[in-house]
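This report concerns only the one structure given below.
Hydrogens, waters and symmetry mates are skipped; everything else that's a heavy atom, side chains included, is used. Sequence lines set the chain letters: A, B, ... in the order given, protein chains first and strands last, and positions in each chain run from 1.
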Amino acid sequence: MTTPQRLVVVGASLAGLRAVEGARASGFTGSITLIGAEDHLPYDRPPLSKAYLAEAPGGPPDTTFRTEDTLRGELGVDLRLGARATGLDTEGGVVLVDGGAPVPYDALVIATGAVARVLPATEGLAGVHTLRTADDAAAVRRALDDRARLVVVGAGFIGSEVASAARERGLPVTVVEAADVPLRRALGDEMGMACAALHDRAGTDLRRGVSVRAIRRDGEGIGVELGDGSTLHAGLVVAGIGADPATSWLDGSGVALADGVRCDRTLATSVRGVYAAGDVAHWHNPLFGQPMRLEHWTSAAEQGATAAVNALKPAEARPYSTVPYFWSDWYGTRIQFVGISRADEVRVVSGDPADGRWVALYRTGERLTGALAVDHPTHIMKYRVMINRGCTWNDALDFARERNARARRTTAVA
Amino acid sequence: MKILLDRGKCTGLGICESLSPEVFEVDDEGALVLSTDVVPDGKLAEIRAAVTSCPTEALRLTED
């Protein structure tokens, strides 16, 4: 097989950018084309629901990763922004692009991410937003600047961060969550409830087990009609009800799909020369021996670089394995999770949820498989290292006891 | 090689600690502590990984 000379990356967010940078760092001197649906240069998303929404006289922080000069000049990227990929011809080896000529590739990285789910029948309704893109964040920020009354639909991480930003501005917030337990999939029942209590402490009105029946314009504002028959009046509605992998452009391409793009442990798709990275990739994580799709910063960055290097040197392709990690900031509290949440047992080992600060460990069989730290930043990465090494549950409990004893000694001395 | 930490950018997310725990540690207050600012022998690869993995781009490597 000849060495690929043309690398094409579809999706100009974190994973796409890291694919470009990873390819160059590996010594690739061929052409790189980066195709992005949005008009913006690649930018960072986590701040959009955090610092970006805070009251700031100087305006919100710019989350652009690299300048155009860096991308085109230093990295030698043919940058196609505002160009949505509409199809993939794997026989001909070309990416079809809306309003442009087909882009030929020798090696391809799919990094099209995920698309925020929209509440039914609200598309185009003024004042109703999702929060995924920079444009979304700018619209939400403007409404918060206007001191709009906020209703958040969905008590997941994005919704909770938006609620937090509004409370920090002193605005009233109601969060409506259809499930009885928020964050069940991300944290499990017990810890989902424990984190939900952070809303109560901050004065956010969290309504659990309440569905949204309809959303409509209501005079100057928006009426959010709930399943219990009541109506909430809002100036701003933000839907944080999850995201779906952006794969519709791959329909009929021959690339196997299953909740994202199906990949093996090296991030290779079912089609030779085509790899995937980031939120769109559903790959086999060797560390846990199971397939997973993550919507996390860390894995998107790492997968981007790995997918590009593997696509360019498939004979030397290396597997990508990771202990998943995500974080979220609510009301000045940092929530960090490592590992996977489905577990046989969850045990609080440090602190106390009643105080709003704690560490919980997740056990699967005799192994430590997850850890949640709420305002315990010095603990969390030690557990990530342990999970990566296949640490036993008992060793993790011993470690927790030792940390707690050390903390007590420190407190006693102070 | 030396490790440079920009405390104005660092928010203590700790990915560096999980990749290179002998060099980086987030303390109880969420501040990053470096056990050394000189890259120890044999640690360059993991420190490089830590630098590139920082979501706030708070870490850099420089020649002495």
Non-hydrogen side-chain atoms of V20(A) and P42(A) separated by less than 4.5 Å: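 Side chain of V20(A) against side chain of P42(A), heavy atoms only: no contact under 4.5 Å found.
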
L32(B) and F24(B), any side-chain heavy atoms less than 4.5 Å apart: yes

Residues which pass salt bridge (charged side-chain N to carboxylate O under 4.0 Å, His left out) with E74(A), listed by chain and number, not counting sequence neighbours: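 Scan of E74(A) (salt bridge (charged side-chain N to carboxylate O under 4.0 Å, His left out), adjacent residues dropped) gives none.
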
Which atoms of P21(B) approach chain A - backbone, side chain, both or neither, heavy atom under 4.5 Å: side chain

Results of side-chain hydrogen bond (donor to acceptor under 3.5 Å, both in side chains) for D279(A) - residues two or more places apart only: R132(A)

Side chain N310(A), main chain T266(A), donor-acceptor under 3.5 Å: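 Confirmed, N310(A) side chain pairs with T266(A) backbone.
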
Can you pull out all donor-acceptor pairs below 3.5 Å that join chain A and chain B?
unit_1: R18(A); atom_1: NH1; unit_2: T52(B); atom_2: O; d: 2.9
unit_1: R18(A); atom_1: NH2; unit_2: T52(B); atom_2: O; d: 3.1
unit_1: R66(A); atom_1: NH1; unit_2: E57(B); atom_2: OE1; d: 3.3
unit_1: R66(A); atom_1: NH1; unit_2: E57(B); atom_2: OE2; d: 3.0
unit_1: R66(A); atom_1: NH2; unit_2: E57(B); atom_2: OE2; d: 3.0
unit_1: Y325(A); atom_1: OH; unit_2: L13(B); atom_2: O; d: 2.7
unit_1: R334(A); atom_1: NH1; unit_2: T11(B); atom_2: O; d: 2.5
unit_1: Q336(A); atom_1: NE2; unit_2: L13(B); atom_2: O; d: 3.3
unit_1: T378(A); atom_1: OG1; unit_2: V26(B); atom_2: O; d: 2.5
unit_1: K382(A); atom_1: NZ; unit_2: E17(B); atom_2: OE2; d: 2.7
unit_1: K382(A); atom_1: NZ; unit_2: E25(B); atom_2: OE2; d: 2.9
unit_1: R384(A); atom_1: NH1; unit_2: S18(B); atom_2: OG; d: 2.9

Set of residues satisfying side chain to side chain contact (heavy atoms under 4.5 Å, CB included) with respect to V39(B), sequence neighbours excluded: M1(B), I3(B), L44(B), I47(B), L61(B)

